[in-house]
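Computed from a predicted model, the values in this text were never measured in an experiment.
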Amino acid sequence: MAFQLIALYAHPESATAFDKHYDETHAVLVARLPGLRAFTAMRPAPAGGERAAYHLAAVLTFDDEKAFAAAMATEEGKAAVADLANFAGAGVTMLTGPADTVR
């Protein structure tokens with residue numbers, strides 16, 4: 001069963017600076033994780049005139065929990081985690097777990 005990490009990033013003080021760092025640095029680090037099967041990121045659109053709850057949501061998919069743990073233990077995984085301090089000062093919520101395909 002696939003295993004996912006979902007990262008929900010709070011709205012930063014400067015969206016421009018956050019997006020530049022995320023797109024040019026952090027996403028590049030994440031894309032290098034060994035065993036990464038899929039990596040998507042989206043910037044939620046406002047709904048009903050309200051600002052979205054998060055600035056950015058990213059989903060990383062691995063074959064299983066073992067592949068996820070192995071990737072995070074590598075130098076690439078450690079670098080991606082360490083990089084959070086460089087741009088995610090407003091906060092990030094991480095969710096991990098097995099992922100089922102519903103449809």
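Annotation: side-chain hydrogen bond (donor to acceptor under 3.5 Å, both in side chains) contacts of Glu24 (sequence neighbours excluded): Lys20. Listed by chain and number, the residues in a ring-ring contact (aromatic ring centres under 6.0 Å, His included) with Phe68 are Phe3, Phe62 (sequence neighbours excluded). In this structure, Glu13 has no salt bridge (Lys or Arg N to Asp or Glu O under 4.0 Å) partners at least two apart in sequence or on a different chain.
Listed by first then second residue, pairs satisfying side-chain hydrogen bond (donor to acceptor under 3.5 Å, both in side chains) with a partner in residues 61-70 read Gln4-Thr61, Arg37-Asp63, not counting sequence neighbours.
With His11 contributing its side chain and Ala52 its backbone, the two residues share a donor-acceptor pair below 3.5 Å.
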Side chains of residues 90-102: which donor-acceptor pairs under 3.5 Å do they make with residues two or more places apart or in other chains?
none

Show me the side-chain donor-acceptor pairs of residues 25-34 shorter than 3.5 Å, one per line, residues at least two apart or across chains.
{"residue": "His26", "atom": "ND1", "partner": "Asp83", "partner atom": "OD2", "Å": "2.9"}

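Contact between Ala58 and Tyr22 at its shortest, heavy atoms only, is CB-OH, 3.4 Å.
Taken from CG in Leu5 to CE in Met72, the straight-line distance is 6.5 Å, to the nearest 0.5 Å. From Leu84, atom CG reaches atom OH of Tyr9 across 5.0 Å, with rounding to the nearest 0.5 Å.
The aromatic ring centres of Phe87 and Phe18 sit less than 6.0 Å apart.
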